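What follows is a single structure, written as structure tokens, with notes after it.
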Amino acid sequence: MRKGFIFDLDGVITDTAKYHYVAWKQLADELGITIDLAFNEQLKGISRMDSLERILEYGKKENQYSMEEKEAFAEKKNTHYVTLLQELTPADLLPGVEQFLKEAAEKNIPCGIASASKNAPFILDKLGIKERFSIIVDPNTLAKGKPDPEIFLQAANALSIQPDEAVGFEDAQAGIQAIKSAGMYAVGIETQEALEGADQVVKQLDELSVDALLRV
Ligand code: BG6
Ligand code: MG
């Protein structure tokens, strides 16, 4: 019997990848690096600094900047990204999310957020669903990012459930690996990437039933 649900945010609850892309692309352009949408797929689920490192490697500029300069680049990208996030409203919830969370709340099933994003509380607030989550893991407290299971294990612990009592939801391969390494049931939300190792793959949350997932 499953007792709690743990969600990734970007790509599962709402589609922020397009805003990340606009902000990274502008910064990359300024650094003389051209990125495209296909490259952007690699940045899903990856932390802000790791995303910057990947962009610099892609442009063969990984050894050109000091740590202070890199931090300033990441900060600049984030300021732009947060400006774009101002546009978010509850209408930006992905299909089925609102209904799924409502049903979980009616059945007193605790829900948590395991996202690499430091902007998660702000995004959930803009989407009008922050109160649906009992916990939001603070990525600043993590030693390792996904695919390490740490973030999902911390979420289960904070929800006072065992890992094998949790269902995790992810749209990125690194996230599915993290959920499986944590010993949880993994639901993959499929976009372009095929999600290897997921126990179940859907296109959107309205294909799922809360009751059926509690029995997996
Ligand atoms: C993840 C996104 O959820 O959060 C990544 O999939 C992003 O693309 C990461 O880099 C960190 O986000 P933020 O908001 O802290 O820059
Ligand atoms: Mg994601």
Side-chain angles (χ1 to χ4, degrees), residues 7-94 97 112-130 133 135-148 150-152 154-155 170-175 177-178 189 191-193:
F7 297 84
D8 173 45
L9 173 65
D10 296 314
V12 172
I13 303 282
T14 189
D15 176 22
T16 45
K18 57 190 178 208
Y19 301 124
H20 278 295
Y21 177 63
V22 169
W24 279 130
K25 185 159 177 58
Q26 178 158 321
L27 179 81
D29 282 346
E30 287 168 19
L31 299 176
I33 302 169
T34 306
I35 60 167
D36 58 15
L37 276 169
F39 174 81
N40 194 50
E41 285 299 299
Q42 290 182 32
L43 305 182
K44 288 187 177 173
I46 306 295
S47 77
R48 195 179 306 164
M49 281 311 273
D50 287 348
S51 299
L52 175 64
E53 294 289 355
R54 286 211 187 183
I55 291 168
L56 294 176
E57 272 169 36
Y58 186 67
K60 303 198 168 34
K61 291 181 192 277
E62 65 269 35
N63 298 319
Q64 280 191 21
Y65 301 104
S66 66
M67 194 35 101
E68 289 72 35
E69 285 172 309
K70 288 182 192 174
E71 273 162 12
F73 293 155
E75 182 62 33
K76 188 173 186 188
K77 177 268 174 178
N78 191 56
T79 302
H80 184 188
Y81 176 61
V82 171
T83 309
L84 300 170
L85 291 179
Q86 298 294 342
E87 303 295 313
L88 283 180
T89 73
D92 292 298
L93 284 169
L94 286 169
V97 171
I113 291 283
S115 168
S117 175
K118 295 177 181 165
N119 295 298
F122 175 67
I123 293 170
L124 292 168
D125 206 30
K126 295 291 286 178
L127 295 169
I129 54 161
K130 198 162 159 212
F133 298 96
I135 61 107
I136 301 170
V137 176
D138 176 0
N140 291 304
T141 64
L142 301 170
K144 290 182 181 169
K146 300 169 190 177
D148 192 276
E150 185 180 8
I151 190 167
F152 282 96
Q154 201 187 114
E170 260 291 350
D171 69 312
Q173 187 60 50
Q177 273 169 256
I189 313 297
T191 45
Q192 271 119 321
E193 227 185 335

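Note that these values count all heavy atoms, side chains included, but never hydrogens, waters or copies made by symmetry. Everything numeric here is computed off the predicted structure, so don't read it as measured data.
- Partners of Q177 according to the side chain to side chain contact (heavy atoms under 4.5 Å, CB included) rule, which considers only residues two or more places apart in sequence or in another chain, are P147, Q173.
- The distance from the OG atom of S47 to the CG atom of L142 is 10.0 Å, given to the nearest 0.5 Å.
- Among residue pairs with one or both ends in residues 7-16, those qualifying as side-chain hydrogen bond (donor to acceptor under 3.5 Å, both in side chains) are D8-K146, D10-T16; sequence neighbours excluded.
- K25 places no side-chain N or O within donor-acceptor distance of the main-chain N or O of D36, the cut-off being under 3.5 Å.
- Taking both residues in full, the closest heavy atoms of P139 and S117 are given as CG-O, 3.7 Å, listed atom of the first, atom of the second, then distance.
- Note that CD1 of I33 and CD of E57 are 10.5 Å apart. Values are rounded to the nearest 0.5 Å.
- In plain terms, the two heavy atoms of E170 and G175 that are nearest each other are CD-CA, 3.2 Å.
- With values rounded to the nearest 0.5 angstrom, I113 atom CD1 is found 8.5 Å from I135 atom CD1.
- With a 4.5 Å cut-off on side-chain heavy atoms, Q64 and L56 do not count as touching.
- Ring geometry for Y81 versus H20: interplanar angle under 30°, hence parallel rather than tilted (30 to 60°).
- Once rounded to the nearest 0.5 Å, the distance linking CG of N40 with CD1 of I55 reads 8.0 Å.
- Although no hydrogens or angles enter the test, the distance criterion places a donor-acceptor pair under 3.5 Å between the side chain of E150 and the main chain of K144.
- Of all the heavy atoms in L127 and T89, the pair that sits closest is CD2-O, 3.4 Å.
- A donor-acceptor distance shorter than 3.5 angstrom exists from the side chain of E69 to the backbone of S66, with no hydrogens or angles considered.
- The nearest pair of heavy atoms linking W24 to L43 is CD1-CD1, 3.8 Å.
- In this structure, CZ in F73 is found 7.5 Å from CG in L52, a value given to the nearest 0.5 Å.
- Between I136 and A120, the shortest heavy-atom contact is CG2-CB, 4.2 Å.
- Note that CD1 of I13 and CG of L93 are 7.5 Å apart. Values are rounded to the nearest 0.5 Å.
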